Amino acid sequence: DAMVIQNPRYQVTQFGKPVTLSCSQTLNHNVMYWYQQKSSQAPKLLFHYYDKDFNNEADTPDNFQSRRPNTSFCFLDIRSPGLGDAAMYLCATSRDLGSQAEQYFGPGTRLTVT
Amino acid sequence: GQQLNQSPQSMFIQEGEDVSMNCTSSSIFNTWLWYKQDPGEGPVLLIALYKAGELTSNGRLTAQFGITRKDSFLNISASIPSDVGIYFCAGRTGANSKLTFGKGITLSVRP
């Protein structure tokens, strides 16, 4: 089945220690997104890639970076995690940016910062 | 910016009952999506709506794109325990616009 895969599902890192979360997709979609979701809140978009074009949301902290080496993979790098960065991180994909493009989410990575 | 309003925050129903949730906005949306999220998992797309007035079903779920393009509702019929979860509405105002999410409704189903 075509899908969005996130690894690991649970990640523990220390305060200030860089961490990378990964996402892969078999849907061959052009767009990949990273969202942050805190408890009892809606997902918050951090940034997205349309093919190789990177689009950062205005309020995404510089501490968050992303890489997309090819169509299938996208990484979220948190350079110096703070306690406030503990959250669920969701990767999503869509075929394109058209108004009818549906977004499909991966299962998420739960990040704990100690 | 665009906001999607979902209320109440929580709903409690008896197994077998029908339940309806709506999502409203002061802005016009071109696309409405309904997602369900289980604890510790990512949101799963339930239904996508693209045209004003459109009514779409997926099993026991039915969703409608409001005729004013400012609202949508999701109906679940004959609820079962596995319907428990958080239901998010999401919408897009046009091409190249990001997805706006409602705050979600937590549904509990009593056996």
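Chain letters run A, B, ... following the sequence lines, proteins first and then strands; every chain starts at 1. No experiment lies behind these values; they were computed from the predicted model shown.
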Problem - Contact origin within Gln37(B) toward chain A - heavy atom pairs under 4.5 Å - result: side chain
Exercise for the section: Can you tell which part of Gln6(A) gets under 4.5 Å to a heavy atom of chain B, answering side chain, backbone, both or neither? Expected result: neither
Problem - Ser57(B)-Thr62(B) side chain donor-acceptor pair, cut-off 3.5 Å - result: yes
Problem - For chain A, the option from Val44(B), Thr31(B), Ile86(B), Asp38(B) that forms the most heavy-atom pairs under 4.5 Å - result: Thr31(B)
Fill in the blank from the handout: Residue from Pro43(B), Gly42(B), Ser97(B), Ala90(B) scoring the most non-hydrogen pairs under 4.5 Å with chain A is Pro43(B)
Practice task
Could I get the full list of disulfide (SG to SG under 2.5 Å) partners for Cys23(A), not counting sequence neighbours?
Solution key: Cys91(A)
Exercise for the section: Would you check if there is a donor-acceptor pair between the side chains of Gln100(A) and Tyr50(B) at a distance under 3.5 Å? Expected result: no
Handout entry: Region of Gln41(A) that comes under 4.5 Å of a non-hydrogen atom in chain B
Key = backbone
Problem - Glu17(B), CD: over 12 other non-hydrogen atoms inside 6.0 angstrom - result: yes
Exercise for the section: For the residue pair Asp18(B) and Ser77(B), confirm or rule out a side-chain donor-acceptor distance under 3.5 Å. Expected result: no
Exercise for the section: Check the angle between the aromatic planes of Tyr35(A) and Phe105(A) and answer parallel, tilted or perpendicular using the 30° and 60° thresholds. Expected result: tilted
Exercise for the section: Return the option, out of Leu49(B), Leu99(B), Thr93(B), Asn30(B), with the maximum number of heavy-atom pairs under 4.5 Å with chain A. Expected result: Leu99(B)
Practice task
Enter the distance from Gln64(B):CD to Leu55(B):CG here, rounded to the nearest 0.5 Å.
Solution key: 5.0 Å
Practice task
Please look at Phe29(B) and chain A and tell me whether the side chain, the backbone, both or neither of the residue comes under 4.5 angstrom of a heavy atom of that chain.
Solution key: neither
Handout entry: Heavy-atom pair count under 4.5 Å with chain B, highest-scoring of Leu90(A), Asp96(A), Asn55(A)
Key = Leu90(A)
Handout entry: Tyr10(A) side chain to Thr112(A) side chain, donor-acceptor N/O pair below 3.5 angstrom
Key = no
Problem - Best-contacting candidate, Arg9(A), Lys44(A), Glu57(A), against chain B by heavy atom pairs under 4.5 angstrom - result: Arg9(A)
Exercise for the section: Select one option (side chain, backbone, both, neither) describing which atoms of Tyr33(A) are under 4.5 Å from chain B's heavy atoms. Expected result: side chain
Exercise for the section: Among Ser40(A), Ala92(A), Gly98(A), single out the residue with the greatest number of heavy-atom pairs under 4.5 Å to chain B. Expected result: Gly98(A)
